[in-house]
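Read the structure below first, then the notes.
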There are 2 protein chains.
Amino acid sequence: MTGSCFAERLARYVPLTDSEKRALERLENNPRDLPRGATITRENDNCDEMYVLRHGWAMSYLILDDGSRQILRLHFPGDMFGTSSAAFGEATESLVTMSHATLCPFDKQALRVVFDEHPRLAALFFIIAQAERVSLTDRLASLGRTSAKARVAALLTDMLVRLRFLNKDISDTIPLKLTQEEIGDATGLTAVHVNRMMRALAEDGLVMRNNGNLVIRDEQGLARIANYVNRYAELDLGWLPAPR
Amino acid sequence: MTGSCFAERLARYVPLTDSEKRALERLENNPRDLPRGATITRENDNCDEMYVLRHGWAMSYLILDDGSRQILRLHFPGDMFGTSSAAFGEATESLVTMSHATLCPFDKQALRVVFDEHPRLAALFFIIAQAERVSLTDRLASLGRTSAKARVAALLTDMLVRLRFLNKDISDTIPLKLTQEEIGDATGLTAVHVNRMMRALAEDGLVMRNNGNLVIRDEQGLARIANYVNRYAELDLGWLPAPR
DNA sequence: CGACCGTTTGAGTGCGGTCAAAAGAAGTGG
DNA sequence: CCACTTCTTTTGACCGCACTCAAACGGTCG
């Protein structure tokens, strides 16, 4: 037990040294409990913090001038988020919990220590940033070039793949904590149309609803119509610096 | 003269030490000249390289199963691109030149040296990655939640802002090296509809075509209808480690 | 029990796509 | 330099996917 959710995540890629573990634990020595729907940061607020999510779900989003919302990413346990604070003094996105959640804020000074003293962790942070960038480019293609049905399918597939990565016990059933309105805001659709697409996916035998849970009945099929590429499979860590 | 296009870019944020300059120059000691339209990398090809663009324009894109294309980002001189190689062994996107171009490939081993010996540069790389991530989230909101006209306006505004950042002489006129088909592939529209939107923007007095160049006649107005947020203005570098 | 929120369904509309054709621009080779 | 091909832009007519508006239904919480 490392006591650090984030260290556990990273340890799945490379065995960490004690010194590295201690450095990561320092990012999580200030956990905070929040109820569902709590605002963590609002866009444009001054913000020097980033977060590691220990329990629960969160999401980041943008509100446009006309009041519409674009959900940027869902955050699950072990995720580091709010990382744009590393580059900007003001939050570039709003962060909110989607369930009761425990999160660990840490400030940029803590990040400085990691970069200064732990080059291998720094490289891992960079790798994670690149993986998230790729995830965003995949979603860009999804919104820009695929149908409503495909976009919903892509969101659901991505949730399944990511949640299963965190919990190997998950096979085909995931909690669907999102309202259809939120699915719409993530996929660039209206809630009404999301409802129709969910029904269509169910009629195609791809998914099934089961009191609050979503059952993916045909993962291959869902991934296929979603144009989904599973990139979580493996990262290339061959170039990492020696640990300290 | 540092001899490194990328070092010049970074030096605009922080004065670099000689040692840092030398490390960056090593990333560019293998320049390659390519004609317009040359493929640099194809999606799914094995790839251990990243690139610094010294002259010319390039772009990255994805091709979907149905053959449609999503352009992910335009790359201008001084940009580092193809960075997803840092995380993956296979290219996650295709890269192609949009003009005669000089680019400098470097491999992951070179990146390892930077992370190992130059924590401040590593932190800068991380900051740049975050800034690009934010740029992608802005585009996600653009594709997901704004009209065709707004998307085209956002692309044009972003090009103006980025090109002016590279060349202070640019005020309102930029070369438009993109075909309308390419603008469509970047914004998730068809070439035909891009044509209509360009005409609409011209009729609104926002832009003007001038033998291959685009004149932005009302930058404020264009940015407003685009829902454009200029985030290039300033990065927060307060937390950077000490240089080496 | 009512108030509220989310889901579901229907009817009608419109934005952006599709198809088609012509005109213009830019290479390419003789 | 011209003839030819190919690419790009432009315009028109029509279509359909996803949006809008509206109403009913169901679950949940005070």
Side-chain angles (χ1 to χ4, degrees), chain A residues 35-37 64 66-71 96 98-100 142-156 175-204 207-214 225-227, chain B residues 35-38 64 66-71 96 98-100 142-156 175-204 207-214 225 227:
Chain A
R36 179 187 145 92
L64 306 203
D66 66 356
S68 63
R69 173 175 67 170
Q70 176 66 49
I71 293 179
V96 64
M98 303 184 70
S99 70
H100 175 82
S142 180
L143 295 210
R145 285 297 184 220
T146 77
S147 69
K149 198 161 153 187
R151 292 188 220 175
V152 173
L155 179 68
L156 300 178
L176 191 51
K177 295 191 211 276
L178 300 188
T179 65
Q180 294 183 354
E181 175 122 36
E182 286 166 337
I183 295 175
D185 285 347
T187 53
L189 302 168
T190 58
V192 172
H193 204 58
V194 167
N195 184 277
R196 287 191 250 262
M197 294 304 101
M198 292 292 285
R199 187 154 61 79
L201 291 174
E203 280 169 5
D204 293 349
V207 303
M208 207 176 87
R209 244 85 50 81
N210 195 341
N211 55 291
N213 287 334
L214 183 81
I225 72 155
N227 229 289
Chain B
R36 176 188 146 94
L64 308 203
D66 67 355
S68 63
R69 174 176 66 171
Q70 176 65 51
I71 293 178
V96 64
M98 303 184 69
S99 70
H100 175 83
S142 180
L143 295 210
R145 285 297 184 221
T146 77
S147 70
K149 198 161 153 186
R151 292 188 219 174
V152 174
L155 178 69
L156 299 179
L176 191 51
K177 295 191 212 274
L178 301 187
T179 65
Q180 294 182 355
E181 176 122 39
E182 287 166 337
I183 296 175
D185 286 347
T187 53
L189 302 168
T190 58
V192 172
H193 205 58
V194 167
N195 184 277
R196 289 191 252 260
M197 294 302 102
M198 292 291 286
R199 188 154 59 80
L201 291 174
E203 280 169 4
D204 293 349
V207 304
M208 205 176 87
R209 244 86 50 81
N210 195 340
N211 55 291
N213 288 333
L214 183 81
I225 71 154
N227 230 289

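Residue numbers start from 1 in every chain, and the chains themselves are labelled A, B, ... in the order their sequence lines are given, proteins ahead of strands. None of the values given here were measured: they were computed from a predicted structure.
- Between B:E181 and B:V192 there is no side-chain heavy-atom pair separated by less than 4.5 Å.
- Put simply, the side chain of A:R196 and the base of D:dT20 share a donor and an acceptor less than 3.5 Å apart.
- The CE-P distance, from B:M197 to D:dT11, rounds to 13 Å in whole Å.
- When the side-chain nitrogen and oxygen atoms of A:T190 are compared with OP1 and OP2 of D:dC19, one or more of them lie within a distance under 4.0 Å.
- Among the heavy atoms of the strands, none lies under 4.0 Å from B:G184.
- Between B:L156 and B:V152, the closest side-chain pair of non-hydrogen atoms falls below 4.5 Å.
- The residue among B:V194 and B:R36 whose nearest nucleotide of DNA chain C lies closer to the 5′ end is B:V194.
- Among the atoms of the strands shown, only primed sugar atoms or phosphate atoms (P, OP1, OP2) are found under 4.0 Å from some heavy atom of B:R199.
- The two residues B:T146 and B:R151 come nearest to each other via the heavy atoms O-NE, 3.2 Å.
- To the nearest angstrom, P of C:dG6 lies 11 Å from CE of A:M98.
- A salt bridge links B:D185 to A:R145: one of the charged nitrogens lies within less than 4.0 Å of a carboxylate oxygen.
- Computed from coordinates, the B:I183 CD1 to C:dG17 C1' distance equals 18 Å when rounded to whole Å.
- If B:Q180 and A:S147 are placed on DNA chain D by their nearest nucleotide, the residue sitting closer to the 5' end is B:Q180.
- For the pair B:H193 NE2 and C:dC15 P, the interatomic distance rounds to 9 Å; values are reported in whole Å.
- Nearest to the side-chain atoms of A:V192 among the listed nucleotides D:dC19, D:dA22, C:dA20 stands D:dA22.
- When each of D:dT10, C:dG16, D:dA18 is scored by its nearest atom to the side-chain atoms of B:N195, the top-ranked nucleotide is D:dT10.
- B:K149 and B:D204 are joined by a salt bridge, as a carboxylate oxygen and a charged side-chain nitrogen come within less than 4.0 angstrom of each other.
- When rounded to the nearest whole Å, the span between CG of B:L214 and P of D:dT9 equals 12 Å.
- For A:R151 and D:dC17, the shortest distance from a side-chain N or O to OP1 or OP2 is not below 4.0 Å.
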